[in-house]
Protein chains: 2
Amino acid sequence: MPTDAPTPSRVRASDGLRQVALEQFSTIGFAASSLQHIADQAGYSKSSVLYHYSSKEALLEAAIGPAVDALEELLDDFVASGRSVEARAEFIQRFVDFLLGNRLAVHTFVNQGQSLRGTPVIERANTAIRGLADSICEADAPLSEQMRFGVALAGAAYTLVAGATFLEEGRRAEAEDADVRAALISVLSELLIPAEGRPTR
Amino acid sequence: MPTDAPTPSRVRASDGLRQVALEQFSTIGFAASSLQHIADQAGYSKSSVLYHYSSKEALLEAAIGPAVDALEELLDDFVASGRSVEARAEFIQRFVDFLLGNRLAVHTFVNQGQSLRGTPVIERANTAIRGLADSICEADAPLSEQMRFGVALAGAAYTLVAGATFLEEGRRAEAEDADVRAALISVLSELLIPAEGRPTR
DNA sequence: TCAGGAGCTGACCGATCGGTCAAGTACGGT
DNA sequence: ACCGTACTTGACCGATCGGTCAGCTCCTGA
């Protein structure tokens, strides 16, 4: 029954539910998100949610699966492209774009990748993240190098993603994505692209 | 009246519960941690947990409160000490030590600071984190500078804390804290201590 | 010896969880 | 008119949640 929200074009119920669920999962966490709450927020009943998605876990899969796919592809391409400075530079760009385009999903599986172990899609995400760390930084690299990479990747992900938590309260929109993108690429390049001799500054 | 010394050698039950709870909260999350599970793991009954801590929230307060106190003190000292290069350097050291000494607690309130909004101790933690960001980087600083600080702080916190999630699986102990400390201080110094010629604000 | 507090526990409570199920509605094709 | 399909829902289920309570076992000080 189209009680309200006479949306101009067709909006698939499952898409709306997926989006609402993603917002819930990323903000209050998967465990704390109830199907009832998600249903209420989306304007459906709990039963409807379970009609479109066979379980809460399936809803999680639908919500963050595409982002995990994108991350895996990003990783594969980077591994295939070698470790040259050019490859790193392109990877950084694509990585930042990935973060900007999948903030909520990244927030979800980065922040809850530990607590949700056992969930297939989360396992995929964790594997990809670990692969990212391994491939961008060899195991025999000095600890300070490993730390540099860890700080860069985690810092970038968390800044975008939990910046939403701490750094502002809704008035964030002014910071254009393009500006954020440029600034983030700049900082990551400093950290990840080895300058001749020593640290980039 | 609880005399101070009657049970000195005995391990206080409340301490054990606090530690177990901290591990649970940081690994599987506050919402997903049940009092029953914490009690089982600590070898007590759920009722005993609620005897020592009047509520699940009180248990969280006991688990991460001290770390939040330390963070607040760290922040106050840094604000009082000005923004000189020396002050920054000392702050970085103390910050890294704080992270190393409070990994689980930091993991908890960094990762769940958003989902647990409303909890007093979490509110304190969020306020401190925001204060940290504000004080180390003025609001009118260029975006790239803000991003640099965000990446540094978040990256450092997350590398230590979620390194536990991704980077190893129990065989981490070999990486001495002292080495990690040195490497982390080095990376943070690169990012946070303004080099000559670079506009820091 | 005994009173009493600290520590601990099982039984129990109402609420909510994820999930099942059958019934009901709307609608397009025939 | 009839059927099939897609969709939505409330009633209901067993499990578990955080939390209360009465009562148990110790230990200690008087």
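Numbered from 1 within each chain, the chains take letters A, B, ... in sequence-line order.
Side-chain contact, Q36(B) with D40(B): a donor N or O sits under 3.5 Å from an acceptor N or O.
Of the side-chain N and O atoms in S48(B), one or more sit less than 4.0 angstrom from OP1 or OP2 of dT9(C). At dA6(C), none of the side-chain N or O atoms of H52(B) fall inside 4.0 Å of OP1 or OP2 (strictly under the cut-off). Close to dC7(D), at under 4.0 Å from its OP1 or OP2, lies a side-chain N or O of Y51(A).
Under a cut-off of 6.0 angstrom, the local environment of CD in E123(A) is crowded, with over 12 non-hydrogen atoms contributed by other residues, nucleotides or ligands.
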Base contacts versus sugar-phosphate-only contacts with protein, heavy atoms under 4.0 Å: please encode nucleotides 14-20 of chain C as B, S and - from 5' to 3'. ---SBBB
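Here dC7(D) presents its C1' atom at 14 Å from OH of Y53(A), a figure rounded to the nearest Å.
Remark: E61(A) engages no residue in a side chain to side chain donor-acceptor pair (under 3.5 Å) (not counting sequence neighbours).
Between D15(B) and R18(B) there is a salt bridge, since at least one side-chain N of the basic residue sits less than 4.0 Å from a carboxylate O of the acidic one.
A distance-only check finds a donor-acceptor pair linking the side chain of T159(A) to the backbone of G155(A) [under 3.5 Å].
Taking the six-membered ring where tryptophan is involved, the planes of H52(B) and Y44(B) are perpendicular, since the angle between them exceeds 60° and thus also 30°.
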